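A short write-up of the structure that comes next.
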Amino acid sequence: MAKTVKKAAEQKAEISDVLTYESIVDSFKARVSKAKAPVDARIAAQVKLNGSVDGTLYVLVANGIAVVEPFDYRGADIEIDADAEVFAAILAGKKSMPSAIVDGNIKMQGNAGKAIVLASVVF
């Protein structure tokens with residue numbers, strides 16, 4: 001019986017290691033739910049994931065609240081192009097946003113001031 005429980009735990013760990021669009025959105029939502037946004041900030045950022053997972057999502061900071069939704073956001077203040085695995089590592093706290101930018105795994109364009117506020121709030 002102990003071997004069966006151990007094997008089931010190993011299989012569960014392997015399944016949870018599989019990176020999916022949904023797992024990234026869920027991780028991003030969890031991270032953002034802990035964020036304390038400046039009350040006067042209104043920032044919309046679109047994140048385009050590429051690599052092992054493709055998809056688009058956005059984060060909106062407004063009225064002191066930050067939310068993440070799995071939608072394309074046209075006219076965002078900041079556009080982020082990210083390698084999915086690197087972005088997931090950032091969300092998990094295994095990599096820093098600045099090092100991912102320096103490495104070229106994350107590219108940002110748009111309002112630099114709002115990007116700094118977003119990074120300080122979320123990452």
Side-chain angles (χ1 to χ4, degrees):
M1 174 122 172
K3 285 186 179 183
T4 305
V5 172
K6 184 177 178 183
K7 188 172 185 177
E10 288 172 358
Q11 288 174 339
K12 185 177 180 182
E14 287 175 14
I15 291 169
S16 67
D17 289 342
V18 175
L19 187 62
T20 65
Y21 175 75
E22 291 78 16
S23 68
I24 292 173
V25 171
D26 290 344
S27 294
F28 201 15
K29 282 183 177 186
R31 177 101 181 218
V32 166
S33 71
K34 299 173 188 172
K36 299 291 184 217
V39 174
D40 61 343
R42 185 187 184 294
I43 304 165
Q46 176 175 285
V47 180
K48 183 179 178 213
L49 301 170
N50 55 62
S52 61
V53 173
D54 288 325
T56 303
L57 55 110
Y58 77 91
V59 59
L60 177 66
V61 176
N63 301 319
I65 301 168
V67 295
V68 172
E69 293 298 333
F71 302 111
D72 192 357
Y73 191 100
R74 302 290 178 184
D77 301 307
I78 306 155
E79 293 180 9
I80 302 169
D81 188 24
D83 177 274
E85 290 186 20
V86 172
F87 194 71
I90 291 167
L91 295 174
K94 296 177 182 176
K95 187 164 181 84
S96 73
M97 179 65 92
S99 68
I101 292 169
V102 169
D103 294 345
N105 294 314
I106 303 244
K107 296 177 179 112
M108 295 177 137
Q109 63 183 43
N111 186 313
K114 289 187 176 189
I116 291 169
V117 172
L118 178 68
S120 68
V121 168
V122 176
F123 303 104

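These numbers come from a predicted model, not from an experiment.
- Residue pairs that meet the salt bridge (Lys or Arg N to Asp or Glu O under 4.0 Å) test with at least one member in residues 55-65, sequence neighbours left out, do not exist here.
- Identified under the salt bridge (Lys or Arg N to Asp or Glu O under 4.0 Å) test for residues 58-67, with sequence neighbours left out: none.
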Validation: residues 69-76 side-chain donor-acceptor distances under 3.5 Å, sequence neighbours left out:
residue, atom, partner, partner atom, Å
Asp72, OD2, Arg74, NE, 3.4
Asp72, OD2, Arg74, NH2, 2.9
Tyr73, OH, Arg42, NH2, 3.3

Kindly list each side-chain donor-acceptor pair under 3.5 angstrom involving residues 48-65, sequence neighbours excluded, with atom names and distances?
residue, atom, partner, partner atom, Å
Asn50, ND2, Asp81, OD1, 2.6
Ser52, OG, Glu85, OE2, 3.1

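- Not a single salt bridge (charged side-chain N to carboxylate O under 4.0 Å, His left out) links Asp26 to another residue, sequence neighbours left out.
- Looking at residues two or more places apart in sequence or on another chain, you find no side chain to side chain contact (heavy atoms under 4.5 Å, CB included) involving Ser120.
- Take Ser23 and apply the side chain to side chain donor-acceptor pair (under 3.5 Å) test, not counting sequence neighbours, and it matches Thr20.
- Contact record, Ala45 with Leu118: CB-CD2, 3.7 Å, taken as the closest heavy-atom pair.
- Residue Val67 comes nearest to Val32 through the heavy atom pair N-CG1, 3.8 Å, listed as atom of the first residue, atom of the second, then distance.
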Kindly list each side-chain donor-acceptor pair under 3.5 angstrom involving residues 91-107, sequence neighbours excluded, with atom names and distances?
residue, atom, partner, partner atom, Å
Lys95, NZ, Asp103, OD2, 2.9
Ser96, OG, Ser99, N, 3.2
Ser96, OG, Ser99, OG, 3.0
Ser99, OG, Ser96, O, 3.0

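- Listed by first and then second residue, the salt bridge (Lys or Arg N to Asp or Glu O under 4.0 Å) pairs that reach into residues 111-123 are Asp77-Lys114, sequence neighbours excluded.
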